[in-house]
Every structure is written in structure tokens, then in C-alpha cells.
Amino acid sequence: MNLKPNHFRWDLARNTFYLPDFKLLYLATPKAACTAWKWWVAELAGISREQIVESSVNSRESVEDLLIHDGIGRCKPEVQSFDLEQMQKHYADPDLFRFALVRNPFTRVFSAWASKVLLSEPGQRHHGEWPTIPRTIQELAQGFEDFLGEVEAREYPDAWINSHWVPQSVWLDLPGVPFTRIYAIERMEQALSEIGERVRLQGGRPPDLRRYNETILPWQPRFLTEQARQRIIRLYQDDFSRFSYDPEQIPGRNDLSDEAVQGLLTAIPHLQERQRRIESLYQATTKLDAEKVQWMGLAETRRLQREQERVQQQQSIAAYKQLAENAERKVALMEASRSWRLTRPLRNLTAVLRSMRGDG
């Protein structure tokens, strides 16, 4: 298995979920119902929502539902290991049912832009400054078109920087790893039926799949300019062909009124500000944690230095004590010798003569 030689290697490990008790391996595709399926995995693995929340106090995620992305690994690292070597072993297991999900490229890339870029979700890689806040439907559509232009100019065809809009055909291209099934989320019932049956065969009870992380700005075909449509077809041509999506068929319908869309647009500045505030607080907390670790390291270094000095002092005292004891033994041996006793009168006479001369 050859892993992608870039930052997606860690993203792949982060999005791989290993459930050996049910002989399942799930690779989550970002922006393809991955939040819902990760909560499904957590419930199947016996991880409660309370455990996910309690383990994620330092997360930068803006809402509780999104804590699931790293929370499973904090609670059960054997399910989500974040370890590339361990991930490779899991993918090599021939007994596993390896599955993934994909989504229509039109709705997926719009959802990625809307949540990760337009709403300024913390920690996301993207180009340039945060986008201008759209005030009208036309400005919204133009902003989406401009984003696609940046992606086409800077990332296409092989310099993708963010897993949320990287083509799914690239994301799931793992040499030597044949997926058992790749499901389209537009036909979710098939995935739930087949995977649920495998869980039941292993003596488990498949959880219900709930809806999570609904974007505040749902997809509407009128958000797509003709230029944006053509760019999506070029950028994601392999997704359309490999996963049988029709590039000439624009999904969905315009079921929101102009007034409803305008109401959503007025909320965007407030959401952007909230997201940026969360990111600012996260960065400040991370810095404080790093400083704390640094000071703890300095304190530990100083403690070790003091301990070393104490040991050296004890060794020096022991050495001086040994020298004194050796000297005392030599003096005692000398004073006990026959020659010392025979010369004692001479030493006494010498002492007397010195005292008479005043030599003291």
C-alpha cells in the first residue's frame, strides 16, 4: 500500500476506522456524510456522546457534533489510531469489509466551500484572505465561482491542499487497497442495509444513522453560475465518471425563497466572527499549553540539575571523609610502630629546646 506523499497521509489515518469485532473498516470521505457515519461508528464501538465530549475539552471544533472527528481516537485509539503504520496493517487485512461513501461533486464542493471557507471554520487550509461576505444571492454565487477559480489555478490537477474538496477519486485512490464497496450517499439505504447485515452476522446491532452537521447554507442550484458549473466538471471529471454521476444533471432544486436565503446571508458575518474567535482562543490556549510544557521542562531540568549537584556534593563529602579516615589510619600505624616509640625521647628533647629558644 503506497500512501500519498503529503499531508493527506495523516488525514487518511485520521479518517480510518477499524472495527475488527464486526470485520469492518471505514474510510470516511470528508463532506460525504462523514460526521453522521463517525457517530454511527462511535455508537457501534460502545462510545457514548458524553465520553466524546469529555475527551475533547481542548478541541477547536465550533459545535459539539463536530467533536466526533478526533473524539473516537481519544476514547478508543484501537478504532481510530491516527497511526500510519497501524493503518497500513488494517488495510492489509483480507477479512475486512472495506467501505467508503461518496457524494455528488456539485453538492460536495459547495458544502466544502460554504462550511470551511465562507463560514471560516477553524483550522482549514485555503487560499488567500477570508472571503468577502456576500450580501446577495448573486454575490454568493460569484464568491463560489471565484473559489473554484482559485482551486483550479492553484491545486488542479495534483496540488490539492484540503481533504474536504480534494476529488474523491484521488482521496480513495489507495494502491493495493481494493474497497469492498463504495456507496453513494444519495442511495444511503443500500449502504445501511448491507453494512447493517454484516454487523448482525457478527452478533451486533447496527445503530441508526442520524443527521449531523447540517450546513446553515444548503445547496441550491441557483448558486451555480455557468462558469462555476464548467469548472466543477473539469475539476471533478474523474469523480463523475468513476462514481457514475451525470455532469449534465444539476442535483437538487431551488426550494428556498429569496427571503429565506437573504435571512441566511445576514447570519454569515456573525458566524464568521464566532469561528474566528474560536480559532483565536484555540491558538491562545495552544500557546499557553506550549509555554506550560516549556516551563515544566525547565523546572524539571533545574530539578535534575539540583539532584545532580546534591549527588556530587555527597560524593565529594564521602571522598574527603575517606581521605581523612585513611590519614587517621596512617597516623595510628605510624604512632604504633617501634621506631616511633624509640624516637619519642628525641622528639621530646627537640620540643623542649624549641621552647627555650622561643620557636614556640
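One N or O on the side chain of R231 and one on the backbone of E145 form a donor-acceptor pair closer than 3.5 Å. Between the N15 side chain and the D11 main chain, a donor and an acceptor come within less than 3.5 Å of each other. Here the side chain of E186 pairs a donor or acceptor atom with the backbone of N104 at under 3.5 angstrom. In this structure, R234 contributes its side chain and R229 its backbone to no donor-acceptor pair below 3.5 Å. Although no hydrogens or angles enter the test, the distance criterion places no donor-acceptor pair under 3.5 Å between the side chain of E155 and the main chain of E152. At least one donor-acceptor pair closer than 3.5 Å links the side chain of D239 to the backbone N or O of Q168. Although no hydrogens or angles enter the test, the distance criterion places a donor-acceptor pair under 3.5 Å between the side chain of W171 and the main chain of A28. Without hydrogens or angle criteria, Q80 side chain to P77 main chain gives no donor-acceptor distance under 3.5 Å. The backbone N or O of R98 sits less than 3.5 Å from a side-chain atom of T180, completing a donor-acceptor pair. Of the possible donor and acceptor atoms, one in the side chain of T225 sits under 3.5 Å from a partner among the backbone N and O of A228.
Contact of the V151 side chain with the W160 side chain is registered, since non-hydrogen atoms from C-beta on lie closer than 4.5 Å. V199 has its side chain out of reach of P207: every pair of non-hydrogen atoms, C-beta onward, lies at least 4.5 Å apart. D70 has its side chain within reach of F82: a pair of non-hydrogen atoms, C-beta onward, lies under 4.5 Å apart. Residues N162 and V117 form no side-chain contact, since every pair of their non-hydrogen atoms from C-beta on lies 4.5 Å or further apart. Between L27 and F17, every side-chain heavy-atom pair lies at or beyond the 4.5 Å cut-off. Between P247 and Q237 the shortest side-chain heavy-atom distance does not fall below 4.5 Å. Within the 4.5 Å cutoff, the side chain of L25 has no heavy atoms near those of the L19 side chain. No side-chain heavy atom of C34 sits less than 4.5 Å from a side-chain heavy atom of W39.
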List the steps and the verdict of side chain to side chain contact (heavy atoms under 4.5 Å, CB included) for L96 and D93. CA-CA 6 Å; L96 296 179; D93 187 340; 3.7 Å; yes

Please walk me through it: do V41 and I68 pass side chain to side chain contact (heavy atoms under 4.5 Å, CB included)? CA-CA 10 Å; V41 167; I68 193 64; over 6 Å; no

Walk me through it: do E43 and R210 pass the test salt bridge (Lys or Arg N to Asp or Glu O under 4.0 Å)? CA-CA 11 Å; E43 188 172 345; R210 300 175 178 85; 3.0 Å; yes

Begin with the C-alpha distance, continue with both residues' side-chain angles, and end with the deciding distance and a verdict on ring pair (Phe, Tyr, Trp, His ring centres under 6.0 Å) for W37 and Y183. CA-CA 12 Å; W37 274 93; Y183 300 98; 7.9 Å; no

Steps toward side chain to side chain contact (heavy atoms under 4.5 Å, CB included) verdict (T29, R108): CA-CA 10 Å; T29 303; R108 178 173 178 263; 4.2 Å; yes

Apply side chain to side chain contact (heavy atoms under 4.5 Å, CB included) to the pair L174 and L12, showing each step before the final yes or no. CA-CA 10 Å; L174 302 178; L12 285 167; 3.8 Å; yes

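Between H69 and the options R14, E61, K38, a side chain to side chain donor-acceptor pair (under 3.5 Å) holds for only K38. Remark: of the listed residues F110, F144, W113, F110 is the sole one forming a ring pair (Phe, Tyr, Trp, His ring centres under 6.0 Å) with F223.
For the residue pair Q314 / R310, a side-chain donor-acceptor distance below 3.5 Å is found, with atom types taken as modelled. With 3.5 Å as the limit, one finds a donor-acceptor pair spanning the side chains of E226 and Q230. Between the side chains of S115 and K31, at least one donor-acceptor pair of N or O atoms lies under 3.5 Å. Side-chain atoms of T16 and Y91 form a donor-acceptor pair, as typed in the model, at a separation below 3.5 Å. Remark: the T107 side chain and the R103 side chain contain an N/O donor-acceptor pair separated by less than 3.5 Å.
Rounding to the nearest 0.5 Å gives a distance of 7.0 Å between CG of L24 and CG of L44. Note: S163 OG to K116 NZ = 8.5 Å, rounded to the nearest 0.5 Å. For the atom pair I72 CD1 and S55 OG, the distance stands at 10.0 Å (nearest 0.5 Å). Atom-to-atom distance recorded for Q308:CD and Q313:CD is 11.5 Å, nearest 0.5 angstrom. The CG atom of L119 lies 12.5 Å from the NE2 atom of H270; values are rounded to the nearest 0.5 Å. Taking CG from L256 and CG from L264, the interatomic distance works out to 6.5 Å, rounded to the nearest 0.5 Å.
Atom CZ of R135 has 12 or fewer neighbouring heavy atoms from other residues, nucleotides or ligands inside a 6.0 Å radius. Counted within 6.0 Å of CD on E307, heavy atoms from surrounding residues, nucleotides or ligands total more than 12; the atom is thus considered enclosed.
When all heavy atoms are compared, the tightest approach of D95 to K23 is O-CB, 3.9 Å. Considering all non-hydrogen atoms of both residues, S56 and G71 come closest at OG-CA, 4.1 Å. Contact record, L265 with P269: O-CD, 3.4 Å, taken as the closest heavy-atom pair. Of all heavy-atom pairs spanning L172 and F179, the tightest one is O-CE1, 3.6 Å. The heavy-atom pair separating V102 from Y245 by the smallest distance is O-OH, 3.6 Å. When every heavy atom of F8 is checked against every heavy atom of I161, the shortest pair comes out as CZ-C, 4.2 Å.
Sorted by first and then second residue, the salt bridge (charged side-chain N to carboxylate O under 4.0 Å, His left out) pairs with a member in residues 255-269 read R222-D258; sequence neighbours excluded.
At least one cation-pi condition fails for R253 and W219: the charged atom is not both under 6.0 angstrom from the six-membered ring centre and inside a 45 degree cone around its axis.
Using a 4.0 Å cut-off between charged nitrogen and carboxylate oxygen, R181 and E194 count as a salt-bridge pair. Under 4.0 Å is where a charged nitrogen must lie from a carboxylate oxygen, and between R49 and E54 no such pair does. Under 4.0 Å is where a charged nitrogen must lie from a carboxylate oxygen, and between D83 and K89 no such pair does.
Between W165 and F147, the distance separating the two ring centers is shorter than 6.0 angstrom.
Not counting sequence neighbours, the partners of F106 by the ring pair (Phe, Tyr, Trp, His ring centres under 6.0 Å) test are F240. Among residues two or more places apart in sequence or in another chain, the salt bridge (Lys or Arg N to Asp or Glu O under 4.0 Å) test is passed with R205 by none.
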